[in-house]
Amino acid sequence: MPVTYQNPRYAYRRPDAVGRAGPEEAPVVIAGGGLVGLTLALDLARRGTASVLLDEDDTVSFGSRAICWAKRTLEIMGRLGLGQRFLDKGITWNQGRVYVQDREAYAFDLLPEQGHEFPAFVNLQQYYAEEWLVAACEATGLVDLRWKNRVASVERRPDGALLGIETPDGPYRLHAQWLLACDGARSLAREQLGLEFLGQVFRDRFLIADIVMRAPFPAERRFWFDPPFHPGQSVLLHKQPDDVWRIDFQLGWDADPEEEKRPEKVRARVAQMLGEDIPFELEWVSVYTFRCRRLERFRHGRILFVGDSAHQVSPFGARGGNGGVQDADNLAWKLDAVLRGAAPEALLDSYDAERIPAAEENILNSTRSTDFITPKNGAARAYRDAVLALTTATPAARPWVNSGRLSRPAVLRGSPLGTPGGEDAPLPPGAPAVDAPVLNRGRADWLLRHLGGTGFTLLALAGEGAPPPEAPPGIARLVVGETETTGGLFDHAGLVARRWGLAPGEAVLLRPDQHVAARFAVAETHAIAAAHRRAMGHAA
Amino acid sequence: MTLATTPNLADPDAFYALLMQAHRGLDEDASRRLDAALVLLLANHVGDMAVLAAAVQRAREAVAAMPAEQGLAAEGRGGP
């Protein structure tokens with residue numbers, strides 16, 4: 001049905017193990033070549049670790065699906081070498097606007113300050129992101145992409161997982177030393193392991209329509225409660241590239257999904273919203289019921305669940321895809337370190353310790369939004385309607401209007417990998433790095449481009465008479481100078497010092513995923529080395 | 001600040017009458033919205049989560065302690 005995009009078809013190749021008696025052996029197998037599986041494969045490959053990636057289909061996402069890419073995701077894509085593509089193709093936005101009936105009630109700016117390489121959000125159809133990830137994975141030569149390889153069975157083994165796989169040429173078996181289950185909300189791996197996926201279903205239905213039109217609306221998120229064109233329900237509008245617009249219509253629990261998907265019915269709803277004079281075409285239509293749920297644990301020995309297979313949220317807040325990309329960001333460097341023998345397997349327990357609270361935070365926020373949008377009972381509806389009634393004249397009511405609390409990166413507070421100290425700093429242990437403009441030999445550059453990558457980085461501030469601290473062996477040092485002559489990157493706007501809360505002579509140890517491992521007011525080499533050991537999962 | 005649980009209004013009867021007056025002519029749903037709007041405005045005015053949490057707990061306990069039939073009977077009672 002899409003008219004603005006044609007799905008690529010990737011070549012299937014007959015796996016060597018088809019028809020062979022024993023199972024094929026692979027160190028790392030990723031089940032599911034969607035957004036999260038591809039991101040994980042690319043991150044591992046950038047660190048030099050090979051993987052086998054299995055996908056039952058031979059193309060990228062059908063339909064636009066995840067469209068709102070949050071700043072942190074863009075920074076992760078930047079680290080993986082794809083950030084500029086998102087900026088070039090995507091629709092940048094920072095503003096959200098909420099309407100109640102026929103009037104604007106509330107507006108918010110998600111990135112009110114300048115001096116960041118990436119905006120609060122970029123809108124882009126999921127299929128573009130996946131297409132670029134596939135091409136980038138292929139270019140590394142380290143990702144064995146196996147299209148039309150459907151995982152049919154998963155058996156947990158002490159030394160990994162044994163997979164039964166079906167292909168057009170017949171079945172084969174694959175023994176994975178590590179299995180990364182990125183197989184989505186209906187995960188077969190989860191089902192095969194008999195794991196419960198518990199949470200809440202919201203008794204409501206939403207029509208999601210992508211339409212193609214030339215419309216004068218600005219690039220911002222617009223949300224209506226009870227608008228004249230869709231009374232009693234809510235509507236969400238987002239702009240995408242290629243003149244595609246995403247509209248979510250709340251339908252209520254009693255709506256008939258099949259009836260609502262009929263093109264004539266959708267057309268009538270859209271025309272009601274836009275007026276009769278804006279011509280449009282339907283591109284993609286779907287009807288959803290939302291859930292918020294998660295696995296109790298994401299790590300099961302040598303099987304790890306990543307993205308929607310581990311946790312599911314409602315879409316208000318854009319926390320599904322963005323949460324999944326952060327899972328991949330968190331897991332890739334750890335698994336790579338374990339496979340290289342640089343870290344104990346116990347480091348992978350920190351994936352649970354860090355990403356379960358992050359998933360909880362996403363579920364909490366998306367549940368609160370959904371409860372506001374879909375009140376559960378008479379009291380909830382009365383409060384929701386009271387908030388909406390108050391908003392226009394009473395600013396105090398506006399913070400209660402909840403049309404989605406948009407994805408923010410998780411701060412990994414209390415992580416076992418963090419070294420205590422500096423909890424009150426702007427970026428405490430566990431916080432993701434924050435960008436700032438710098439000058440690199442006189443040329444404009446961004447701080448984040450120099451952090452993370454393949455290993456740990458010591459970000460060291462230098463000033464006149466205050467030399468930057470030394471980094472212990474095995475840790476890269478990034479010097480940022482308070483003045484042009486102190487060497488390294490020049491903090492010409494003073495924003496590195498301010499946003500990081502750093503003075504000359506102080507330093508921050510960053511993990512390969514650009515999260516703060518430790519802060520040092522007095523950066524002694526042995527203390528930095530100890531923080532590094534701790535962040536690599538070695539017992540103190 | 002702690003939740004005031006002893007009389008704090010100069011003229012309690014006048015406030016009670018004001019509340020009753022505010023609900024006059026409203027149907028069940030509108031009444032509920034009015035109460036909700038009042039709670040929200042007053043909560044913002046109080047601005048202290050500990051006090052609000054204490055009020056929520058005290059109100060909930062008081063209502064829970066009231067037998068269900070007593071609540072219904074009170075609602076249906078018309079006479080003096």
Side-chain angles (χ1 to χ4, degrees), chain A residues 98-108 203-204 223-228 231-234 250 252-254 361 364-365 367-405 413, chain B residues 1-4 8-9 14-77:
Chain A
V98 179
Y99 297 85
V100 176
Q101 293 165 347
D102 56 355
R103 58 190 196 274
E104 181 180 328
Y106 185 49
F108 50 88
R203 290 169 61 82
D204 203 344
F223 195 103
W224 288 264
F225 288 100
D226 190 23
Q233 305 283 14
S234 67
Q250 184 182 22
W253 184 241
D254 296 332
E361 188 178 313
L364 176 74
N365 278 289
T367 300
R368 285 176 173 172
S369 302
T370 313
D371 281 342
F372 191 85
I373 293 163
T374 303
K376 272 203 233 17
N377 52 41
R381 176 164 289 275
Y383 273 97
R384 199 279 300 269
D385 291 347
V387 166
L388 296 178
L390 287 169
T391 44
T392 320
T394 312
R398 288 173 201 160
W400 280 309
V401 177
N402 192 342
S403 74
R405 301 288 183 230
R413 279 182 210 286
Chain B
M1 196 164 71
T2 53
L3 178 71
N8 192 34
L9 286 168
F15 175 68
Y16 200 85
L18 183 69
L19 267 182
M20 295 309 106
Q21 178 67 27
H23 280 276
R24 251 171 65 187
L26 298 183
D27 64 19
E28 202 67 36
D29 286 349
S31 257
R32 218 164 171 172
R33 282 197 292 277
L34 173 72
D35 282 337
L38 278 171
V39 167
L40 293 167
L41 285 170
L42 296 174
N44 181 68
H45 185 83
V46 169
D48 183 326
M49 189 63 178
V51 172
L52 296 172
V56 167
Q57 194 190 343
R58 186 168 279 261
R60 169 122 193 145
E61 281 167 6
V63 171
M66 182 190 282
E69 56 275 26
Q70 189 187 331
L72 284 175
E75 203 173 298
R77 198 165 54 201

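Residue numbers begin at 1 in each chain, while the letters A, B, ... track the order of the sequences.
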Set of side chain to side chain donor-acceptor pair (under 3.5 Å) partners for B:R60, sequence neighbours left out: none
Around atom CE of B:M1, are there more than 12 heavy atoms from other residues, nucleotides or ligands closer than 6.0 Å? yes
Any residue meeting salt bridge (charged side-chain N to carboxylate O under 4.0 Å, His left out) with A:D371, in chain and number order, not counting sequence neighbours: A:K376
Can you confirm whether B:D27 is buried at CG, in the sense that more than 12 heavy atoms of other residues, nucleotides or ligands lie under 6.0 Å from that atom? yes
All side chain to side chain donor-acceptor pair (under 3.5 Å) counterparts of A:D204, not counting sequence neighbours: A:Q250, A:T374
Count the heavy atoms of every other residue, nucleotide or ligand shown that sit under 6.0 Å from CZ of A:R368, and state whether that count exceeds 12. no
Pull out the residues in residues 33-41 of chain B that come under 4.5 Å of chain A, heavy atom to heavy atom, sorted by number. B:R33, B:A36, B:A37, B:V39, B:L40, B:L41
